[in-house]
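Working notes for the structure below.
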Amino acid sequence: MIFKNVDSIEIVRLVKSYRDLMAINDVSLKINGKELFVIIGPSGCGKTTLLKTINRLIEPDSGGVFINNNDIRNLDVVKLRKNIGYVIQQVGLFPHMNIKDNISLILKLEGWPREKIDKRVKEILKIVFLDEIYLRKFPNQLSGGQQQRVGLARALALNQPLLLMDEPFGSVDPILRRQLQDEFLQIKKVLGKTIVFVTHDIEEAFRLGDRIAVMKGGKIKQIGEANDLILNPADSFVLNLVESDKKYKHISNLKVRDVMIPVKNYMIDSQAKISDSIKFMLKNNTEFGIIVKKDKFLGTTDLKTLLNSNFIKNDQKIENLYNKETLKFSPEKPLYDALAEMKKSNISIAVILERDVPIGTILSSEILNRLI
Amino acid sequence: MINLSEIINFINFQDLIQRTSEQIYMFSIAILLSILFGLIIGIVLHRVQKLSNIVFNILNIIETLPTIALLVLLLPFLGLGMKPTIFVSVLYAILPIARNCYVGLNNVEQSYIEVARSIGLNEFEILTKIEIPLALPTIVSGIRISIVFTMGVVTLGGLIAAGGLGASIQTGVQLYDKTLIYVSAVWVGILALFFDALAYLVERFLQKRFNNV
């Protein structure tokens, strides 16, 4: 392996044109190690071209790609590719080889001994949720979803630190796609690899991506986390893309009241002891609390602060230790404005008050996940 | 009624076993050389696409020349006998093999090659592990066509003292021995069908193996 880990991929001023078509028009971006970086855009936007420059299936006209600060042009191309797994929509399992040979082809060419190959194949099969009975079968005997799992297994065979995926779930039906995405999220956790993922499906981008780059006409329109794209779309193109996911179409019509969650499990009386408050939070599996005095809102607290207070020596009342600076919204406030305000002030919790009585709360992290 | 000993006498008198072995000998060498050169040409042209037009045009022109004319034209250079016969057979049989090899390799789905390249196969490994195996059914159909061609050309070698069953047919024509003509001609046909059937079995096996390509 040239790289044991991929800590960064830097794409610098990349240009690639085909005759008069600019497939990639001066793109620069940085992908962090261990993140799942999604490139999304309509067909012909250059996303696949961009992906292929990373394993040098396509050589750019100018600009460069740097992995861990190494210019990949200076690396042996075959060695480079052996460090990078690659999964495509058409899967491309070799039809003249059975599943085992498909997965282990590269291991054989690398000269691994037979027992080591067998062991590795079994390991990967477990990772991609495939049963060993498929090893002797041929690709055409497998369903689309199974083929895609084998494709992933093949891309993982050498335990490559970087994985490139080009619409891997693009050709399966929506239900199976969802299932494969769920599996993939689990696989991703296990593997801890850097992954670059191309898709045209915004829902998939939101579900899988740590960060998302929106591409159009060979240019990057915006890079950010899902909530950046939703809350601060850079232009009308990003806005349309985000809203093309039906769930966001009405986000501008939603009020805080529509999405807030009940406060029963968060309410702590100001007279409660700190130790009791901690117990209460642990019991409810919450990480923060809303302090009330005779039902009126006083402030908030969070588990970390409480645990860090020396409550063992000095188990005082919670009313002596709470945070007054909290975001408070009326239930009629537009959700969009509320989320924007939370993002701006970098506070992830807001309390919804009606005549000073807490009636609900919103957590920015939770709310986006719920909408997605 | 013809009895068995008469048949055996006939075969012995006309040296049919000798002739048959000459026929198969020339045929085998010719077809093996054709396969060898055909595959090399097909693979080279697949890699150097620019050359394909001119090379196939030349092979096509050779294909249009009458076999007998070619045999006679080569007399001053290669003389009489097996050598020129095998040479001309190969000239004729290369085209179907080279063309099918070229087309078969070109038709291998691009995604397989892209995946192979991306998982770190070098160009030679892509050719031997992916492209040739996937093109094999097409290549074998080309070989089948060449088998029939070659059997025909080798038989014509009888005209230039190459021996083989063509010589038996010649003898039959000279002596106006209808039985000998029929027997030799039918026997050539049976041999052609036999080798064709053999290739057919290989082809079917390969197609079964690759039926989703």
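Quick note on labels: first sequence line is chain A, next is B, and so on, each numbered from 1.
No more than 12 heavy-atom neighbours from other residues, nucleotides or ligands sit within 6.0 angstrom of NZ on B:K129. Surrounding CD1 of B:I17 are at most 12 heavy atoms belonging to other residues, nucleotides or ligands under 6.0 Å away. Other residues, nucleotides and ligands contribute only 12 or fewer heavy atoms inside 6.0 Å of the CD1 atom of B:I54. At most 12 non-hydrogen atoms from other residues, nucleotides or ligands lie less than 6.0 angstrom from NZ of B:K83. The number of heavy atoms from other shown groups lying within 6.0 Å of CD1 (B:I68) does not exceed 12. Atom NZ of A:K108 has more than 12 heavy atoms from other residues, nucleotides or ligands within 6.0 Å. No more than 12 heavy-atom neighbours from other residues, nucleotides or ligands sit within 6.0 angstrom of OH on B:Y25.
Contacts of A:L93 with chain B are made by backbone atoms alone, with heavy-atom separations under 4.5 Å and no side-chain atom involved. B:Q110 does not touch chain A: none of its heavy atoms, backbone or side chain, sits under 4.5 Å away. The contact between A:I84 and chain B is made entirely by backbone atoms, counting heavy-atom distances below 4.5 Å. Heavy-atom distances place no part of A:K79 under 4.5 Å from chain B, backbone and side chain included. Interface residue A:V91: only backbone heavy atoms are found under 4.5 Å from chain B.
Among residue pairs with one or both ends in residues 37-89 of chain A, none qualify as ring-ring contact (aromatic ring centres under 6.0 Å, His included); sequence neighbours excluded.
Heavy atoms only, all atoms of each residue included: A:G92 and B:S111 are closest at CA-OG, 4.4 Å. The two residues A:M97 and B:I130 have their closest heavy-atom pair at CE-CD1, 4.0 Å.
Chain A is approached within less than 4.5 Å, heavy atom to heavy atom, by B:S118, B:I119, B:G120, B:L121, B:N122, B:E125 from residues 118-128 of chain B, ordered by number.
When A:L164, A:V78, A:L57 are compared by the number of non-hydrogen pairs under 4.5 Å with chain B, A:L57 comes out ahead. For the set A:Q160, A:R154, A:Q89, A:E110, the entry with the most heavy-atom pairs within less than 4.5 Å of chain B is A:R154.
The distance from the CD atom of B:E114 to the CD1 atom of A:I58 is 8.0 Å, given to the nearest 0.5 Å. For the atom pair B:R117 CZ and A:N55 CG, the distance stands at 10.5 Å (nearest 0.5 Å).
In this structure, the side chains of B:Y112 and A:P95 come closer than 4.5 Å at one or more pairs of heavy atoms.
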